[in-house]
Amino acid sequence: MKKIIVFSFLLISLITHGQNDQRIKDSLALYAPTEIGKPDGEPVSQKIGKDGGTLISSDNKITLIIPAGALLSETLISIQPTTNFAQESMGKAYQLEPSGIQFQKPAQLVFHYTDEEMDGQSPELMGVAWQDDNGAWKGLRKVNLDKISKTITANIKHFSGWCLAWAIFLKPEKTRLKVSEFMVVWLIQRMLMDSPGEEPSEQILDGAFYKNINWSVNGIPDGDNNVGKIVFISSPPPDGGMFQAISRFYDAPAQVPDNNPVEIKVEIIDIMYENKVYPNTTRKCKVRIYDNLYEVKMVYTMDAPAGSMLGVVKYKDYGSFIISLNKKEAEIIEMVNKNAEWTYIGKCTVVPLKAGSGTINIIAVQSIKLIPAASPKDHPWIEIFFVRSPTIFPLLQFTCPNVNKGGTFTTTSAGANAIGSMIPAFPTSIKFEAKEGEQTILKIGEEGGEVYVKFTVKQIRED
């Protein structure tokens, strides 16, 4: 009979808040502080009073249920999907407002997941985390998993940023690795503690842990020369902290593999958690193998005068992508698109009604071509054509003082869709020489002017 390994989950960390804070009693630190997520989807809001109510996020991924008696008075409650910076988390984060509000009775926060999102991994190892005012992420001690409805529910007593986060995970030292180089991959489990400041209640980790773990690369046990190899090593866990970790070396192959990025997978056999045995649990991570990398960065700024009464809206949009250049072909491996940011100068009150993808927006690549060097002294060129996408500015509502008639008047910004149908977003195409150093491949205007566009490309050196 295989020996059952008892895992204790969730990272122990120093807690700096008072012991009388109910938020701390129900949770413990998961990770070091990160930046606060930026809006990444449409917000929803609703006034909810003493009788309680329900609010669903615009992407239908979370449901907030506030019971009767939780609020002392009618309050505007909102859910804003945001980018998620919590490590080893899943999906978007969600900022609940008003931040910091305390309920008289716990509210229910219901996360909806899919089998595709779990990717064959065990939902029993998924928890709910929240971000405090200092940016640190903490995990709730108790959640309710319903595998039939595919929901994970937490009882919460305050608002902040919330997300789903794993309690056991693979952490590669890097997410991309140059051919023929190596790095450490850690399998980390978090330890449960009964209350802040106490010792962990379970710390069982012995030689059987090694015997009941199977490593593979792209489905090949311990990998091979084509996809890279897993090699035994014992290494301290990353970033310090009070948690246990098993580690291995991953040696990258001498050439970029056909199936790239490679998938490193761990199969863990016989986990007992809260008196339940999970006979087969897997965790995965992906590592991009590359030879030569070039990063293209793009920025666009514009001052948009809205008339003497409305003032000026300043837009900023930026994005980037990374090209992996092998001997025979080029490939885009990472793309970053940001929604257009804006600031307002004027006497009006401005409310964003709808986010805009902006003037820099990559939908897909139409074609990518590697042009060989003309001579041994020259460098190859890379030419990329992108699928055209429309320029869509944020839709803004202005409430302004009515100078002539007194009072105020309300209007919205010009139709973004009409503008977008006429002006395609950047980039439509780029071409550059694959050489060392940084190059400016497009420049319009001067920084600080009414319109400024700049594209640069730089070879990434990670040695």
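Excluded from the calculations below are hydrogen atoms, water molecules and symmetry mates; all remaining heavy atoms, backbone and side chain alike, are included. Positions are given from 1 along the sequence.
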*State which residues pass ring-ring contact (aromatic ring centres under 6.0 Å, His included) with Y318; sequence neighbours excluded, sorted by chain then number.*
none
*Locate the shortest heavy-atom distance separating Q80 from P43; write the atom from each residue and the value.*
OE1-CB, 3.2 Å
_pair I333-I323: side-chain heavy atoms closer than 4.5 Å_ = no
*Verdict with supporting geometry, V313 and F398, side-chain contact (heavy atoms from CB on, under 4.5 Å)*: CA-CA 11 Å; V313 179; F398 296 80; 3.8 Å; yes
*Kindly give the heavy-atom pair with the smallest separation between V296 and V457, and that separation in Å.*
CG2-CG2, 3.9 Å
*Under the side-chain contact (heavy atoms from CB on, under 4.5 Å) test, which residues partner N337, sequence neighbours left out?*
N361, I362
*Evaluation steps, side-chain contact (heavy atoms from CB on, under 4.5 Å), between I79 and I62*: CA-CA 9 Å; I79 301 174; I62 69 168; 3.7 Å; yes
_How close do T151 and Y113 get, counting heavy atoms only, and between which atoms?_
N-CE2, 3.5 Å
*Show your reasoning for whether salt bridge (Lys or Arg N to Asp or Glu O under 4.0 Å) applies to D291 and K178.*
CA-CA 6 Å; D291 197 349; K178 191 174 178 64; 3.7 Å; yes
_Donor-acceptor check, side chain of D317 to backbone of I360, threshold 3.5 angstrom: yes or no?_
yes
*With a 6.0 Å cut-off on ring centres, are Y300 and Y315 close enough?*
no
*Apply side chain to side chain donor-acceptor pair (under 3.5 Å) to D40 and T82, showing your working.*
CA-CA 4 Å; D40 188 21; T82 70; over 6 Å; no
*Can you establish whether the number of heavy atoms outside E450 located under 6.0 Å from its atom CD is more than 12?*
no
*asked:* With a 4.5 Å cut-off on side-chain heavy atoms, are T75 and P98 touching?
replied: yes
_Nearest heavy atoms of I368 and E331, plus distance in Å_ = CD1-N, 4.0 Å
_Backbone N/O of V231 and side chain of D222: donor-acceptor pair under 3.5 Å_ = no
*Looking at S180 and A254, what are the two nearest heavy atoms and their distance?*
OG-CA, 3.4 Å
*Non-hydrogen side-chain atoms of W342 and L396 separated by less than 4.5 Å*: yes
*asked:* Here's one to test your reading of the geometry: is the NZ or CZ of K265 within 45 degrees of the ring axis of W215 and under 6.0 Å from its centre?
replied: no
*Does any non-hydrogen side-chain atom of S429 lie less than 4.5 Å from one of E383?*
no
*Just wondering, do S320 and E295 contact through their side chains at under 4.5 Å, heavy atoms?*
yes
*asked:* Among residues at least two apart in sequence or on other chains, which ones pass side-chain contact (heavy atoms from CB on, under 4.5 Å) with L76?
replied: S45, K47
*Say whether, by atom type as modelled, one donor and one acceptor occur between the side chain of N144 and the main chain of T153 under 3.5 angstrom.*
no
*From CD1 (I264) to CZ (R248), nearest 0.5 Å*: 12.0 Å
*Between D59 and Y94: side-chain donor-acceptor atoms closer than 3.5 Å*: yes
*From NZ (K369) to NZ (K431), nearest 0.5 Å*: 8.0 Å
*Please lay out, stage by stage, how V128 and F111 fare under the test side-chain contact (heavy atoms from CB on, under 4.5 Å).*
CA-CA 9 Å; V128 173; F111 285 85; 3.9 Å; yes
*asked:* Under the rule for side-chain contact (heavy atoms from CB on, under 4.5 Å), what residues qualify as partners of T301, not counting sequence neighbours?
replied: V299, K316, Y452
_Does this structure show an ion pair linking K61 with E117, if we count only N-O contacts that are shorter than 4.0 Å?_
yes
*When rounded to the nearest 0.5 angstrom, what distance separates OG1 in T63 from CD in Q108?*
10.0 Å
*Would you call E334 and R176 a salt bridge, using N to O less than 4.0 angstrom?*
yes
*asked:* Could you work out, with ring-ring contact (aromatic ring centres under 6.0 Å, His included) as the rule, every residue matching F385, not counting sequence neighbours?
replied: none
_Within a 6.0 Å radius of atom CD on E438, are there more than 12 heavy atoms belonging to other residues, nucleotides or ligands?_
yes
*Looking at CG of N292 and CG of L325, how far apart are the two atoms once the value is rounded to the nearest 0.5 Å?*
5.5 Å
*Do side-chain atoms of N84 reach the backbone of G91 as a donor and acceptor pair under 3.5 angstrom?*
yes
*Would you kindly say whether N402 and T408 are connected by a side-chain donor-acceptor distance under 3.5 Å?*
no
_Any heavy-atom pair between the side chains of Q131 and S160 that's under 4.5 Å?_
no
*Starting at OG of S216, measure out to CD of E267 and round the result to the nearest 0.5 Å.*
8.0 Å
*List the steps, then state whether side-chain contact (heavy atoms from CB on, under 4.5 Å) holds for M90 with M126.*
CA-CA 9 Å; M90 188 177 79; M126 179 65 72; 3.9 Å; yes
*Could you tell me the separation between the CG atom of L64 and the CD1 atom of I77, rounded to the nearest 0.5 Å?*
7.0 Å
_Students often mix this up, so state it plainly: with edges at 30° and 60°, are the rings of F249 and F182 parallel, tilted or perpendicular?_
perpendicular
*Would you check if P261 and I289 make a side-chain contact, meaning some heavy-atom pair closer than 4.5 Å?*
no
*If every non-hydrogen atom of S89 is compared with every non-hydrogen atom of C163, which pair is closest and at what distance?*
CB-SG, 4.0 Å
*asked:* A side-chain contact here means heavy atoms from C-beta on lying under 4.5 Å apart; do V179 and Y290 qualify?
replied: no
_Over 12 non-hydrogen atoms of neighbours within 6.0 angstrom of NZ in K286_ = no
*Can you sort out the partners of D115 under salt bridge (Lys or Arg N to Asp or Glu O under 4.0 Å), two or more places apart, ordered by chain and number?*
K150
*Donor-acceptor contact present, side-chain D224 to main-chain V227, <3.5 Å*: yes
*With ring centroids as reference points, do F321 and F386 lie under 6.0 angstrom apart?*
yes
*Dump the intermediate steps for salt bridge (Lys or Arg N to Asp or Glu O under 4.0 Å) on D303 and K314, then the final yes or no.*
CA-CA 5 Å; D303 291 354; K314 293 179 175 287; 3.0 Å; yes
